[in-house]
Every structure is written in C-alpha cells, then in structure tokens.
Amino acid sequence: GGVYALTSGGDGRTDTTGGATTTAPIATTTTANPRIGTSVSGKELQPGDCVNFDNTGAVITTFAVVACTTPHLAEIAGQVEHPEAGGTYPGGDQAGLYARDRCASISATYLGGDVLDTTLSETTLVPDFNDWTGGLYRSSCIVWRYDQSNLTESVKEKAKAYPRST
C-alpha cells in the first residue's frame, strides 16, 4: 500500500470543471505542522502539507513533509473523496478523471486565483489498487511550479505572487 500514481504527467493546465466536491479542510500555514521532518504515505497527506517526493517514476510510495519555508517540490492544496469509497476500485483512469475535474477548483480556491494565470501547475495524486484495498478513498490535489523547480514558501492564497507572463 501507500502507492499514489500521478495522473498528469503533462503541464496540468487543462481547464476542467466538475460537479460537487468533498474536500478536507485546508490547514493554515500559521500553525506548525507536527509532521515536519517525517516521511508519510499517501494516506497520511493533509491539505497544507509541503512535500518532497521522487517524481521520476509512475508511482510514489512516500512523501517527505517539510517546512514550507524550505525547498519543496509541491504543496497539498486539498483532497477529493471518491464516491465509490468502500466499494470496488474504479481504476486509476476513472479515479483520475473524477479527481482532476474537482482539483482545478480546489487548487484555485487554495491559491486565491486560477492556476492557469500563474507559473504554477496543479496535478492529482490518485490511489492505486493497493491503496484502495487498504482504505484510501481520496485523491490529493497538488500544486507545484510549472517547471517543477522548488518552491520556498507556501503558495496558499498567493496566486498573484506567481504571475504567468502573457
């Protein structure tokens, strides 16, 4: 278990819309995260976490939670609970489509602006079959730099700090 699959290997700039979304509350960046310095599984990710992970493969097994003021690859903007929770695994493609449609609006709310207007990108971390059978029924919406270089601050409500040149 503990394996997440990135559902977007591209730029994550697809403008999508979706239906109702269930998300976990967004953590504030003013409260110290007690998990900083630990490695967590996908099941343990929380909105507001700043994380590093190996994104060179198709699956990710662990995420290093770091202080948002230190170099990090991505930030968890929110999460999407899947309607099939507890049932049969819908497959990575179907779970990815459902989550991606909702992550666009979750990321925009978290950033305080549309990701398409920034130098940031959003993508979705989707549970694989092993995660699903282990009880992980949600996908995480992540925000990172379009060029995948490190961030050195939280991006929460900072869309205007990362303007996209026109």
Side-chain angles (χ1 to χ4, degrees), residues 1-29 31-55 57-66 68 72-112 114-115 120-144 148 151 154-157 159:
V3 178
Y4 257 97
L6 277 173
T7 63
S8 171
D11 63 13
R13 291 184 180 272
T14 303
D15 188 10
T16 59
T17 57
T21 302
T22 303
T23 61
I26 296 175
T28 63
T29 55
T31 304
N33 184 340
R35 294 172 312 115
I36 289 173
T38 64
S39 288
V40 299
S41 69
K43 194 171 186 175
E44 299 168 289
L45 289 172
Q46 296 178 9
D49 281 349
C50 292
V51 295
N52 285 313
F53 54 89
D54 179 3
N55 67 334
V59 295
I60 304 163
T61 56
T62 58
F63 302 83
V65 179
V66 299
C68 291
H72 58 282
L73 184 60
E75 189 165 339
I76 308 302
Q79 295 173 317
V80 175
E81 194 73 28
H82 290 276
E84 305 90 354
T88 302
Y89 181 58
D93 290 343
Q94 185 64 34
L97 287 172
Y98 181 83
R100 274 194 306 269
D101 282 348
R102 285 140 188 90
C103 279
S105 63
I106 290 170
S107 296
T109 299
Y110 190 82
L111 289 171
D114 192 331
V115 72
L120 302 171
S121 184
E122 61 89 21
T123 194
T124 310
L125 299 169
V126 178
D128 70 0
F129 179 80
N130 291 329
D131 283 325
W132 193 271
T133 57
L136 178 58
Y137 308 121
R138 69 179 179 275
S139 292
S140 290
C141 311
I142 69 166
V143 176
W144 53 2
Q148 297 184 15
L151 295 161
S154 172
V155 296
K156 184 177 181 191
E157 298 176 0

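One is the number of the first residue; the rest follow in order along the sequence.
- Below 30°, between 30° and 60°, or above 60°: for Y89 and F129 the angle between ring planes is above 60°, a perpendicular geometry.
- Although no hydrogens or angles enter the test, the distance criterion places no donor-acceptor pair under 3.5 Å between the side chain of S107 and the main chain of A104.
- Not a single ring pair (Phe, Tyr, Trp, His ring centres under 6.0 Å) links H72 to another residue, sequence neighbours left out.
- When all heavy atoms of C68 and G48 are compared, the pair lying nearest together is SG-O, 4.0 Å.
- Here the CD1-OG distance, from I60 to S41, works out to 12.5 Å after rounding to the nearest 0.5 Å.
- Of all heavy-atom pairs spanning V51 and V66, the tightest one is N-CG2, 4.5 Å.
- Between the side chain of N52 and the main chain of L73, a donor-acceptor pair closer than 3.5 Å is present.
- Between G87 and W132, the closest heavy-atom pair is O-NE1, 2.9 Å.
- Atom CG of N33 is separated from atom SG of C50 by 8.5 Å, given to the nearest 0.5 angstrom.
- Note that CG of L125 and SG of C141 are 8.5 Å apart. Values are rounded to the nearest 0.5 Å.
- Between A74 and I142, the closest heavy-atom pair is CB-CD1, 4.1 Å.
- With R35 contributing its side chain and E44 its backbone, the two residues share a donor-acceptor pair below 3.5 Å.
- Considering all non-hydrogen atoms of both residues, Q79 and I106 come closest at O-CD1, 3.8 Å.
- Of the inter-residue distances, the one linking E75 atom CD with L151 atom CG reads 7.5 Å to the nearest 0.5 angstrom.
- Rounding to the nearest 0.5 Å places CG of L136 at 11.0 Å from CG of N130.
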- Derivation of the side chain to side chain contact (heavy atoms under 4.5 Å, CB included) call for L45 and F63: CA-CA 8 Å; L45 289 172; F63 302 83; 3.9 Å; yes
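- Closest non-hydrogen pair, E122 versus T124, comes out as OE1-OG1, 4.4 Å.
- The backbone N or O of K43 sits less than 3.5 Å from a side-chain atom of R138, completing a donor-acceptor pair.
- At least one side-chain heavy atom of P83 sits under 4.5 Å from a side-chain heavy atom of Y98.
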- Query: Does the side chain to side chain contact (heavy atoms under 4.5 Å, CB included) test come out yes or no for C103 and Y110, once each step is laid out?
  - Reply: CA-CA 10 Å; C103 279; Y110 190 82; over 6 Å; no
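- Separation of atoms NE2 (H82) and CZ (R102) is listed at 9.5 Å; rounding is to 0.5 Å.
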